[in-house]
Structures are given as C-alpha cells and as structure tokens.
Amino acid sequence: MKVRFQQADLEPEELTVIVESSAKTARVDRLLNYLKAFESNPAEKLPIKTPDRFMIIKTADLVMVEVNQNELSFYTTAQVIKSVGKLKDVHTRLTAPNFIQVSRFAIINMDYLQAIENGFSGTLVARLETGVRTTVSRRYVPVIKQYLGL
C-alpha cells in the first residue's frame with residue numbers, strides 16, 4: 001500500500017482522502033470503514049432496549065452479537081441479553097475496528113477470538129474465549145485474515 005501527502009487548497013480543518021485501487025475488494029471496504037470511523041470515537045458503552053428495560057453494556061465486555069430473524073442476542077462476558085432489531089443497525093453503532101461481521105447472522109469481538117475451526121460439512125466455526133461458537137461464512141474469511149495479518 002502506498003501512502004502519500006499532497007497539499008491542497010482546502011479549509012484549515014478540512015481533509016479529503018482518496019482511495020485508489022484496481023477493484024473494490026474487502027480490503028478496500030475495510031479501509032473505507034476505518035477512515036469513516038477515524039474521527040468518531042468508538043462507543044465505550046452500548047445501550048440495549050430489552051422488553052422490560054434499557055440496559056447499558058461496555059463494548060469491551062461484548063463478545064458477540066447474533067440475530068435470529070429479528071431477535072438479537074448480545075453475548076457479554078457475564079450474560080446473554082435478548083433484544084429485537086437488525087444486525088446491521090448494531091454493526092453501525094459498533095464503530096471499533098475489533099468488531100467484525102463473520103456471517104449474515106453474527107458480529108464478533110476479535111479480542112475474544114480463540115480459533116477458527118472446521119465444522120460439519122465444510123463450514124467454519126469461530127470459537128470465542130467464553131465458550132460461545134458461531135458459524136463463519138467463507139465470504140467473510142478475507143476480512144478476518146486481514147484483521148489477523150494473515
């Protein structure tokens with residue numbers, strides 16, 4: 001990757017970033033997402049609406065978020081919290097780069113990833129430190145490999 005600075009006639013605090021590539025790959029998408037999140041501070045706390053109350057969890061304690069139809073399950077180091085909503089809305093709120101979507105149904109905190117193993121019938125399974133497991137879609141493997149530096 002080539003990086004260079006070019007002076008331009010802009011306002012003092014204005015920046016323009018151009019990403020050039022031969023194709024829009026997972027690596028390009030990851031860089032664009034990183035740049036979008038660059039100036040926003042990653043949320044340290046995440047509010048979750050449950051059927052009977054609002055809960056606030058620390059994102060550092062969030063291990064995984066899974067969706068089944070419209071039911072969200074937030075797996076923390078201490079508990080599982082159920083809510084309703086869309087996974088993409090949660091992913092938008094989780095701006096820290098360590099939260100990676102691994103399938104249409106799950107986002108994991110890479111800080112808790114222990115291993116990615118072969119599952120039944122050729123599937124991949126992410127095993128997390130808390131004992132939680134989730135299926136990894138092959139489509140998301142390049143993003144995981146890039147995060148891990150492989």
Side-chain angles (χ1 to χ4, degrees), residues 1-3 13 15-150:
M1 176 168 47
K2 297 177 186 175
V3 178
E13 293 298 315
L15 291 174
T16 300
V17 178
I18 299 171
V19 177
E20 295 180 335
S21 179
S22 61
K24 190 171 182 189
T25 62
R27 184 177 183 205
V28 171
D29 285 338
R30 185 153 165 75
L31 178 59
L32 292 173
N33 289 336
Y34 177 80
L35 290 171
K36 286 177 190 172
F38 176 74
E39 288 190 340
S40 67
N41 293 331
E44 292 181 13
K45 295 184 179 181
L46 182 69
I48 299 170
K49 183 180 183 295
T50 64
D52 57 345
R53 60 186 166 173
F54 283 98
M55 296 183 69
I56 300 191
I57 60 171
K58 293 179 183 175
T59 55
D61 294 338
L62 185 60
V63 177
M64 179 176 72
V65 181
E66 263 188 339
V67 67
N68 184 4
Q69 294 180 343
N70 72 334
E71 183 181 84
L72 293 166
S73 299
F74 294 85
Y75 293 82
T76 68
T77 53
Q79 62 185 333
V80 178
I81 303 165
K82 302 285 186 178
S83 182
V84 293
K86 296 179 181 178
L87 191 65
K88 72 177 186 174
D89 295 339
V90 175
H91 197 219
T92 302
R93 293 182 356 204
L94 294 171
T95 57
N98 56 320
F99 288 100
I100 293 185
Q101 188 163 356
V102 295
S103 70
R104 287 181 22 209
F105 310 104
I107 298 168
I108 63 171
N109 184 339
M110 294 296 284
D111 295 342
Y112 291 97
L113 179 67
Q114 275 189 329
I116 295 180
E117 307 165 334
N118 289 325
F120 296 108
S121 64
T123 61
L124 296 173
V125 176
R127 184 170 38 118
L128 305 170
E129 287 179 11
T130 57
V132 178
R133 296 172 185 256
T134 190
T135 303
V136 176
S137 297
R138 294 196 185 278
R139 171 181 162 195
Y140 294 94
V141 171
V143 177
I144 295 169
K145 282 184 175 181
Q146 182 181 358
Y147 181 88
L148 296 173
L150 300 174

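In what follows, residues are counted from 1 in the order of the sequence shown. Note that these values count all heavy atoms, side chains included, but never hydrogens, waters or copies made by symmetry. No experiment lies behind these values; they were computed from the predicted model shown.
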Legend entry - Side-chain donor/acceptor of Ser21 to backbone N/O of Lys24, under 3.5 Å: no
Legend entry - Chi angles and distances behind the side chain to side chain contact (heavy atoms under 4.5 Å, CB included) call for Ser103, Thr135: CA-CA 7 Å; Ser103 70; Thr135 303; 5.6 Å; no
Legend entry - Pair Glu117 + Arg133, salt bridge at N-O below 4.0 Å: yes
Legend entry - Close side-chain approach of Thr77 and Tyr112, heavy atoms under 4.5 Å: yes
Legend entry - Ser83 side chain to Lys49 backbone, donor-acceptor under 3.5 Å: yes
Inset, instruction - Output, in order, the C-alpha distance, side-chain angles, deciding distance and verdict of side chain to side chain contact (heavy atoms under 4.5 Å, CB included) for Val102 and Ile107. - result: CA-CA 6 Å; Val102 295; Ile107 298 168; over 6 Å; no
Legend entry - Polar side-chain atom of Asn98 near backbone of Asp111 as donor-acceptor pair, under 3.5 Å: no
Inset, instruction - Test Arg93 against Leu46 for side chain to side chain contact (heavy atoms under 4.5 Å, CB included), laying out the working first. - result: CA-CA 8 Å; Arg93 293 182 356 204; Leu46 182 69; 3.2 Å; yes
Legend entry - Arg127 CZ: over 12 foreign heavy atoms closer than 6.0 Å: yes
Legend entry - Atom pair CG/NZ of Asp61 and Lys45 - distance to nearest 0.5 Å: 10.5 Å
Legend entry - Worked check of side chain to side chain contact (heavy atoms under 4.5 Å, CB included) between Leu62 and Leu94: CA-CA 10 Å; Leu62 185 60; Leu94 294 171; 4.0 Å; yes
Inset, instruction - Would you give the length of the straight line joining atom CG of Leu87 to atom CG of Asn70, rounded to the nearest 0.5 angstrom? - result: 12.0 Å
Legend entry - Inter-residue atom distance Phe99.CZ - Met110.CE, 0.5 Å rounding: 11.5 Å
Legend entry - Point-to-point distance, once rounded to the nearest 0.5 Å, from CG of Asn109 to CG of Leu128: 8.5 Å
Legend entry - Val90 and its side chain to side chain contact (heavy atoms under 4.5 Å, CB included) partner, picked from Val67, Leu72, Ile48: Leu72
Legend entry - Heavy-atom side-chain contact between Tyr75 and Thr130 under 4.5 Å: no
Legend entry - Flag, side chain of Ser137 to backbone of Tyr140, donor-acceptor distance under 3.5 Å: no
Inset, instruction - Spell out, as yes or no, whether a donor-acceptor pair under 3.5 Å connects the side chain of Thr76 to the backbone of Ala78. - result: yes
